[in-house]
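The model shown is predicted, which means the values in this text are computed figures rather than measured ones.
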Amino acid sequence: MKKKQIITGVAGFVGFSFCKKLLDKNKQVIGIDNLNDYYDVKIKKSRLKILKKNKNFIFLHIDLRKKEILERKLRNYNIQSLFHFAAQAGVRHSLLKPIDYVENNICATFNILEICRIKNIKHLILASTSSVYGFTKKKRVNETLSTDKPLQFYAASKKSCELMAHSYSNIYKMKVSVLRFFTLYGPLGRPDMALFKFTKGILEKKKISLFNYGDHKRDFTYIDDAVNAIELVEKLKFKKKEFYRIFNVGNGRSVHLKKYLKEIEKNLKRKAKIKYLPMQKGDVKNILSDNTKLNRYKEFRKRTHYKIGVKKFIDWYRDYY
Ligand SMILES: NC(=O)c1ccc[n+]([C@@H]2O[C@H](COP(=O)([O-])OP(=O)(O)OC[C@H]3O[C@@H](n4cnc5c(N)ncnc54)[C@H](O)[C@@H]3O)[C@@H](O)[C@H]2O)c1
């Protein structure tokens, strides 16, 4: 029987985008998601509808918090790698409902680690976030920087997942690659993120909120580039005696939020109505990825300029809505 790949959070933005790429390459994928309603479930269903057209795709509607069900449903499958993208994401929501992060990030990741151990899965690829870097004076952050002082609970929960994975990799000699993503965006993206909210607000002639009075800089990373990185890392050989490794996945270019907004306005041919707000608790002002580790590989070196990425997103948005 051909080995399958597992993707958790397959109805989410990253899980879907990566799954599509694997299916396009004729791989067999088992996708898992509980379709929670953190944001509009319609977009999750739209993503799934696209994936379900492919005969190599199996969807399991499972909640990762339920370990026994997970174990039972996966019992008969022979698995190659497991891509764990399911999570409770979002910094702002973590200020309101931190328990969601304990359950869907920490507990669910523990269950995934157990599945990897029980099923002897050779490689776990774990999604983490640039938020783990917290506040730093460094212009660019690299993977060796301390991540001991998370500024909010989302970051704390993701860092906890990294730590749990590290201990499992050490004890059970399980291969783990952690990917720290920097603000991803693109078609079928997340409705709770800036590009989506700005585009929607401008088109609906509603006021959009600019935290920190718009004086943020972000490393906006186009989804196709992140998907290339995931594909690359899965194939990259581990060094001798290496079981755990971390990679930044960013664009490597810092874009001011106001410049990003200008690009959206230009594409929509409309001006935004802006409500300026102070810095949101737990946010960082600027963050920029040091991509030295993945830049060694040509598959990751060519990345999408934000002006091209924003245009592709808006073309998709107009078409979808
Ligand atoms: N999108 C970004 O900018 C970004 C940046 C940094 C890190 N990340 C990380 O990348 C990963 C994917 O993010 P995303 O943007 O695709 O988020 P997303 O919210 O679009 O996708 C996550 C998916 O996981 C599912 N899920 C959540 N809890 C679950 C549970 N208990 N059982 C089963 N399914 C569950 C959700 O229903 C959702 O479809 C996450 O781990 C996130 O922390 C994303």
Side-chain angles (χ1 to χ4, degrees), residues 9 12-14 36-39 84-109 126-165 178-185 189-198 200-201 207-221 226 246 248-251 254-261 274-290:
F13 177 39
V14 178
N36 72 27
D37 63 358
Y38 164 60
Y39 59 73
H84 180 39
F85 300 143
Q88 176 58 57
V91 172
R92 285 181 193 133
H93 184 75
S94 76
L95 305 174
L96 305 170
K97 275 193 85 186
I99 185 73
D100 287 351
Y101 297 74
V102 175
E103 292 182 356
N104 298 297
N105 297 352
I106 300 176
C107 297
T109 301
L126 186 72
S128 189
T129 168
S130 59
S131 297
V132 298
Y133 291 112
F135 172 76
T136 167
K137 285 184 179 154
K138 297 257 185 240
K139 188 169 179 281
R140 285 183 187 271
V141 290
N142 73 36
E143 297 86 345
T144 61
L145 273 185
S146 161
T147 49
D148 289 345
K149 291 180 179 161
L151 296 179
Q152 22 75 15
F153 203 68
Y154 168 58
S157 71
K158 296 300 279 188
K159 179 66 193 174
S160 308
C161 297
E162 290 188 5
L163 294 173
M164 291 190 296
V178 172
L179 303 178
R180 290 182 180 157
F181 295 124
F182 287 66
T183 321
L184 306 177
Y185 72 99
R190 262 172 44 201
D192 62 324
M193 295 196 65
L195 177 57
F196 206 110
K197 283 205 221 163
F198 291 173
K200 187 169 187 285
K207 274 198 171 175
I208 59 167
S209 301
L210 273 196
F211 289 98
N212 195 32
Y213 309 99
D215 193 20
H216 274 100
K217 279 183 186 165
R218 284 288 177 272
D219 190 339
F220 293 103
T221 308
I246 302 176
N248 279 349
V249 180
N251 181 274
S254 175
V255 181
H256 200 280
L257 199 62
K258 283 186 182 162
K259 245 173 125 181
Y260 195 63
L261 179 58
I274 302 171
K275 187 168 151 195
Y276 291 97
L277 295 167
M279 180 105 140
Q280 178 98 352
K281 259 191 193 163
D283 250 356
V284 286
K285 200 168 170 274
N286 304 323
I287 182 121
L288 179 58
S289 176
D290 178 335

Taking only residues two or more places apart in sequence or in another chain, which ones pass salt bridge (Lys or Arg N to Asp or Glu O under 4.0 Å) with [X]?
{"X": "Lys275", "answer": "none"}
{"X": "Glu143", "answer": "none"}
{"X": "Arg218", "answer": "none"}
{"X": "Arg190", "answer": "Asp192"}

**Study point:** Under 3.5 Å donor-acceptor, Asn251 side chain and Asp219 backbone
**Key:**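 Such a contact is absent between Asn251 side chain and Asp219 backbone.
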Check your understanding: With no hydrogens and no angle check, is any side-chain donor or acceptor of Gln152 less than 3.5 Å from a backbone partner on Ala155?
Key -> yes
Give the minimum heavy-atom separation between [X] and [Y], together with the two atoms involved.
{"X": "Ile208", "Y": "Gly201", "result": "CG2-CA, 3.8 Å"}
{"X": "Ile287", "Y": "Val141", "result": "CD1-CG2, 4.1 Å"}
{"X": "Cys161", "Y": "Thr109", "result": "SG-OG1, 3.3 Å"}
{"X": "Ala89", "Y": "Tyr101", "result": "O-OH, 3.0 Å"}
{"X": "Leu277", "Y": "Ser209", "result": "CD1-CB, 3.6 Å"}
{"X": "Tyr39", "Y": "Pro191", "result": "CD1-CD, 3.4 Å"}

Review point. Heavy atoms, side chains only, cut-off 4.5 Å: are Ser254 and Asn286 in contact?
Key: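 Side-chain contact under 4.5 Å: no.
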Review point. Is any side-chain heavy atom of Asn36 closer than 4.5 Å to a side-chain heavy atom of Gln88?
Key: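 The answer is yes; the side chains approach within 4.5 Å.
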Check your understanding: Can you list the residues that meet the ring-ring contact (aromatic ring centres under 6.0 Å, His included) rule with Phe220, with sequence neighbours excluded?
Key ->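 With neighbours one apart ignored, the set is Tyr260.
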Practice item. Taking ring-ring contact (aromatic ring centres under 6.0 Å, His included) as the test, write out the residues that go with Tyr38, two or more places apart. Key: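 Here the qualifying residues are His93.
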Can you sort out the partners of [X] under side-chain contact (heavy atoms from CB on, under 4.5 Å), two or more places apart, ordered by chain and number?
{"X": "Ala87", "answer": "Asn105, Lys158"}
{"X": "Ile106", "answer": "Ser157, Ser160, Met164"}
{"X": "Tyr276", "answer": "Leu210, Tyr213, Lys258, Ile274"}
{"X": "Ala194", "answer": "Phe198"}

Kindly compute the distance separating [atom1] ([X]) from [atom2] ([Y]), expressed to the nearest 0.5 Å.
{"X": "Phe13", "Y": "Tyr185", "atom1": "CZ", "atom2": "OH", "value": "9.5 Å"}
{"X": "Leu261", "Y": "Leu195", "atom1": "CG", "atom2": "CG", "value": "10.0 Å"}
{"X": "Phe181", "Y": "Asn248", "atom1": "CZ", "atom2": "CG", "value": "11.0 Å"}

Review point. How far apart are the C-alpha atoms of Gln280 and Val91, what are their side-chain angles, what is the distance that settles it, and do they pass the side chain to side chain contact (heavy atoms under 4.5 Å, CB included) test?
Key: CA-CA 9 Å; Gln280 178 98 352; Val91 172; 5.7 Å; no
Point to revise | Pair listing, salt bridge (charged side-chain N to carboxylate O under 4.0 Å, His left out) test, anchored in residues 89-104, at least two apart | key: Arg65-Glu103, Arg92-Asp283, Lys97-Asp100
Review point. How would you list all residue pairs meeting salt bridge (charged side-chain N to carboxylate O under 4.0 Å, His left out) that involve residues 127-139, not counting sequence neighbours?
Key: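 For residues 127-139: none.
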Practice item. Quick one: do His256 and Asp215 satisfy side chain to side chain contact (heavy atoms under 4.5 Å, CB included)? Show the steps, please. Key: CA-CA 7 Å; His256 200 280; Asp215 193 20; 3.0 Å; yes
Check your understanding: Passes side chain to side chain contact (heavy atoms under 4.5 Å, CB included), Lys285 versus Asn212? Steps please.
Key -> CA-CA 8 Å; Lys285 200 168 170 274; Asn212 195 32; 3.6 Å; yes
Practice item. Go through the steps for Leu288 and Phe182 under the test side chain to side chain contact (heavy atoms under 4.5 Å, CB included), then give the verdict. Key: CA-CA 8 Å; Leu288 179 58; Phe182 287 66; over 6 Å; no
Review point. Given Tyr133, which of Arg180, Lys159, Lys149 fulfils the side chain to side chain donor-acceptor pair (under 3.5 Å) condition?
Key: Arg180
